[in-house]
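Just so we're on the same page: letters track the sequence lines, and every chain starts at 1. Just so it is clear, the values below take in all heavy atoms, side chains as well, and ignore hydrogens, waters and symmetry mates.
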Amino acid sequence: MSGDRGALSDSDRRLTRVRVPFVVGQVVVLIGLLIAGLGPLLWLLKAAISPTQDSIRSPLAWFPSGQVQWGNLATAWQQGHIGYYLGNTAMIAAGTALASLIVCTTAGYVLSVLRPRWGAVLSAGILATLFVPHIVSLVPLYLTVLKVPVVHANLTNTFWAVWLPPAASAFNVLIVKRFFDGIPREYFEAARIDGAGSIRVFTSLVLPLSRPILGVVVLLSIISSWKDYLWPLLVLTNPDLQPVSVALPKIAKVTELNIQLAGLFLALLIPVLLFLVFQRAFLRGVGLSGGIKA
Amino acid sequence: MLFALPVLLVFVVFSWGPIVKGLVMSVQQTNLIDPVKWVGLENFRYVLSDPGVGQAALNTLWFTLLALLFGFPVPVLLAMFLSELRGKSWLYSTLAYLPVITPPVVAILLWRFFYDPSPSGMFNTILGTVGLGPYPWLDSPSSAMPSIVLEATWAGAGNAVIIYLAALTSVRADLYEAAELDGAGVVRRVWHVMLPHLRGVLLLMLLLQVIGTMQLFTEPLLFTGGGPQGSTMTILLLIYNYAFVNGDYGAATALSVLLALALAVLSAAFQLATRGWSTE
């Protein structure tokens with residue numbers, strides 16, 4: 001990931017007065033990160049299969065009563081309906097990712113490849129939204145979803161209300177456009193000479209070439225919709241449609257602690273597994289976001 | 001033109017439209033039942049005379065200040081350290097990023113349990129082993145906000161680490177080599193090469209963190225509901241209450257516009273003050 005060297009050179013690393021503090025530092029940082037990063041997750045796993053009293057009376061002990069209740073997970077899944085809510089969350093995340101993909105690839109194609117004269121205006125309009133804090137549009141966006149202009153549809157309590165607004169992401173449009181900018185122009189010219197129309201160039205040239213960046217967009221939008229709370233809370237008032245993030249605080253109010261913690265663990269499992277599998281694409285996407293904002 | 005359709009539709013309806021509508025609504029009285037009435041600056045007058053707004057503004061600023069103190073230096077130092085690792089840095093960054101992956105609601109409900117004020121609560125047990133506590137954490141007006149900051153810092157630090165790390169990978173190796181040939185030790189190489197390279201990103205992250213923390217919502221809602229005694233009531237929570245509890249959309253958008261203006265003034269002042277530093 002990093003270049004061929006950092007502030008420390010190879011000869012520095014051989015010096016005892018550099019090497020010893022560096023190795024000690026590594027151990028300290030690793031332990032700190034294990035406690036802060038992995039610790040709460042491991043504790044949650046333990047608590048998810050513990051009796052409530054164990055977690056309350058002595059949270060740090062290792063199964064003090066000797067009981068391991070695997071059944072907590074099943075109870076949370078069935079009676080707490082965590083499985084059902086996770087299904088909703090997955091539907092919401094998949095739809096959001098798809099809507100984002102459609103918007104940012106077509107927009108990137110227009111701005112980077114087709115480049116019509118009004119492209120500059122469109123580009124400026126999209127960029128400008130990066131500078132407007134989301135808070136200005138929270139309430140009016142809610143009212144918009146309540147009654148979409150012109151068609152007067154009410155999108156609340158439909159997944160459209162959570163699928164479409166996040167697709168208006170200037171950030172996604174920007175990173176995809178930048179990626180398209182990097183595709184050599186000669187490809188497009190060659191395709192045109194071979195008689196391919198704009199749609200053909202888009203579907204069989206641009207999209208296949210940009211799989212890596214599309215993967216990043218999909219991952220980032222899945223994770224952000226998985227984490228979202230306020231928006232689904234507002235627009236999905238029907239419990240049958242709510243994602244797990246909205247359901248958990250309600251479950252927490254009426255459920256015994258061990259089932260509650262088992263529910264939290266189940267809700268955490270999928271994003272963590274997804275992250276561990278696609279770790280590199282994720283971290284690259286985040287790094288990219290820093291580069292863009294800079 | 002066909003290709004521009006999705007982006008145009010989505011941005012007109014869900015981005016540009018609501019922004020304009022927000023500005024218009026702030027000078028209207030609307031509760032979705034009575035006909036819309038133009039009231040000029042009445043909403044702003046109403047919001048500014050609400051004593052709760054001043055308190056919420058102070059709480060929000062207090063949160064932002066604490067979040068900067070706790071949350072800003074650690075990721076920078078961590079990223080600088082990790083960028084010197086060979087080979088295993090993926091392990092460190094993965095661990096640092098795990099809290100960011102944790103959905104906020106899961107993290108908050110879990111930490112709410114950690115913050116149990118009884119002596120057998122999670123954190124109080126840990127502190128008890130070294131003879132400290134028990135602390136009331138979320139239950140006292142003076143410690144509720146710092147407790148929220150602690151959780152929010154834990155949840156957000158990993159993101160900053162990754163962004164700094166990405167910025168550090170683009171430092172050209174020959175700069176370090178040149179500094180080394182000129183006799184600069186490790187400390188001076190960090191000070192004169194690494195830090196200046198990070199300056200632009202650091203300033204940007206500082207600004208983004210201020211803007212982000214001033215829009216704090218989920219944490220106070222789920223941790224404390226704004227209490228105890230209003231000590232964690234933030235501007236955004238107040239906007240939420242105005243709109244979705246009281247149904248006063250005009251007041252809610254007026255307060256949103258005020259907050260957005262404050263953020264805009266802040267960003268502009270920040271840009272002006274740091275102009276000239278941010279170039280590498």
Heavy-atom closest contact ([X] atom, [Y] atom, distance):
{"X": "A:P140", "Y": "B:K21", "result": "CB-CB, 4.0 Å"}
{"X": "B:P6", "Y": "A:T106", "result": "CG-OG1, 3.6 Å"}
{"X": "A:G25", "Y": "B:F81", "result": "C-CZ, 3.5 Å"}
{"X": "B:M25", "Y": "A:V139", "result": "CE-CG1, 4.1 Å"}

Under 4.5 Å heavy-atom distance to chain A, tell me which part of [X] shows up: side chain, backbone, both or neither.
{"X": "B:I108", "answer": "neither"}
{"X": "B:L255", "answer": "neither"}
{"X": "B:V20", "answer": "neither"}
{"X": "B:L236", "answer": "side chain"}
{"X": "B:A167", "answer": "neither"}
{"X": "B:Q215", "answer": "side chain"}
{"X": "B:F244", "answer": "side chain"}
{"X": "B:W16", "answer": "side chain"}
{"X": "B:L78", "answer": "side chain"}

Where does [X] contact chain B at under 4.5 Å (heavy atoms): side chain, backbone, both or neither?
{"X": "A:L8", "answer": "both"}
{"X": "A:V136", "answer": "both"}
{"X": "A:P40", "answer": "both"}
{"X": "A:A252", "answer": "side chain"}
{"X": "A:S55", "answer": "both"}
{"X": "A:V145", "answer": "side chain"}
{"X": "A:L233", "answer": "side chain"}
{"X": "A:V272", "answer": "both"}
{"X": "A:P271", "answer": "both"}
{"X": "A:L155", "answer": "side chain"}

Interatomic distance, [X] atom [atom1] to [Y] atom [atom2] [nearest 0.5 angstrom]:
{"X": "A:F275", "Y": "B:T94", "atom1": "CZ", "atom2": "OG1", "result": "5.0 Å"}
{"X": "B:I239", "Y": "A:I135", "atom1": "CD1", "atom2": "CD1", "result": "3.5 Å"}
{"X": "B:I163", "Y": "A:L283", "atom1": "CD1", "atom2": "CG", "result": "11.0 Å"}
{"X": "A:Q26", "Y": "B:L85", "atom1": "CD", "atom2": "CG", "result": "5.0 Å"}
{"X": "A:L42", "Y": "B:L98", "atom1": "CG", "atom2": "CG", "result": "9.5 Å"}
{"X": "B:T129", "Y": "A:L60", "atom1": "OG1", "atom2": "CG", "result": "8.0 Å"}

Do side-chain atoms of B:W90 reach the backbone of A:Q279 as a donor and acceptor pair under 3.5 angstrom?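 No: the side chain of B:W90 does not pair with the backbone of A:Q279.
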Take atom NZ of A:K147 as the centre, draw a 6.0 Å sphere, and report whether it contains more than 12 heavy atoms from other residues, nucleotides or ligands. no
Within a 6.0 Å radius of atom NE2 on A:H134, are there more than 12 heavy atoms belonging to other residues, nucleotides or ligands? no
Parallel under 30°, tilted from 30 to 60°, perpendicular over 60°: which one fits the rings of A:Y142 and B:Y249? parallel
Taking the six-membered ring for Trp, are A:Y109 and B:F3 parallel (under 30°), tilted (30 to 60°) or perpendicular (over 60°)?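 Geometry flag for B:F3 against A:Y109: perpendicular rings.
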Quick check for you: among [options], which has the greatest number of heavy-atom pairs under 4.5 Å with chain B?
{"options": "A:W226, A:F131, A:F202", "result": "A:F202"}
{"options": "A:G37, A:S137, A:P165, A:A99", "result": "A:P165"}
{"options": "A:A170, A:A128, A:A36", "result": "A:A36"}
{"options": "A:L122, A:L230, A:L268, A:L248", "result": "A:L230"}
{"options": "A:L261, A:T144, A:L114, A:D228", "result": "A:T144"}
{"options": "A:L146, A:I199, A:L276", "result": "A:I199"}

Output the option from [options] having the highest count of non-hydrogen pairs under 4.5 Å with chain A.
{"options": "B:P119, B:P103, B:S120", "answer": "B:S120"}
{"options": "B:V190, B:V13, B:L222", "answer": "B:L222"}
{"options": "B:F114, B:F113, B:W154, B:F217", "answer": "B:F113"}
{"options": "B:T102, B:L9, B:V193", "answer": "B:T102"}
{"options": "B:V24, B:L5, B:V100, B:V12", "answer": "B:V100"}

I would like to know whether A:L30 and B:L91 meet side-chain contact (heavy atoms from CB on, under 4.5 Å); could you show each step before the answer? CA-CA 9 Å; A:L30 185 60; B:L91 172 67; 4.1 Å; yes
What residues form a salt bridge (charged side-chain N to carboxylate O under 4.0 Å, His left out) with A:K227, not counting sequence neighbours? none
Let's go through B:L110 and A:W43 carefully: what are the C-alpha distance in whole Å and the side-chain angles of both, what is the deciding distance for side-chain contact (heavy atoms from CB on, under 4.5 Å) to 0.1 Å, and is it a yes or a no? CA-CA 10 Å; B:L110 183 62; A:W43 184 86; 3.7 Å; yes
If contact means a heavy atom pair closer than 4.5 Å, which residues of residues 258-268 of chain B contact chain A?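 B:L259, B:A260, B:L263 fall under the 4.5 Å cut-off.
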Can you find a heavy atom in the side chain of A:V110 that is under 4.5 Å from one in the side chain of B:V7?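 Of all side-chain heavy-atom pairs linking B:V7 with A:V110, none is under 4.5 Å.
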Could you check whether A:W163 and B:F14 have their ring centres less than 6.0 Å apart?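 Ring-ring flag for B:F14/A:W163: false, centres at least 6.0 Å apart.
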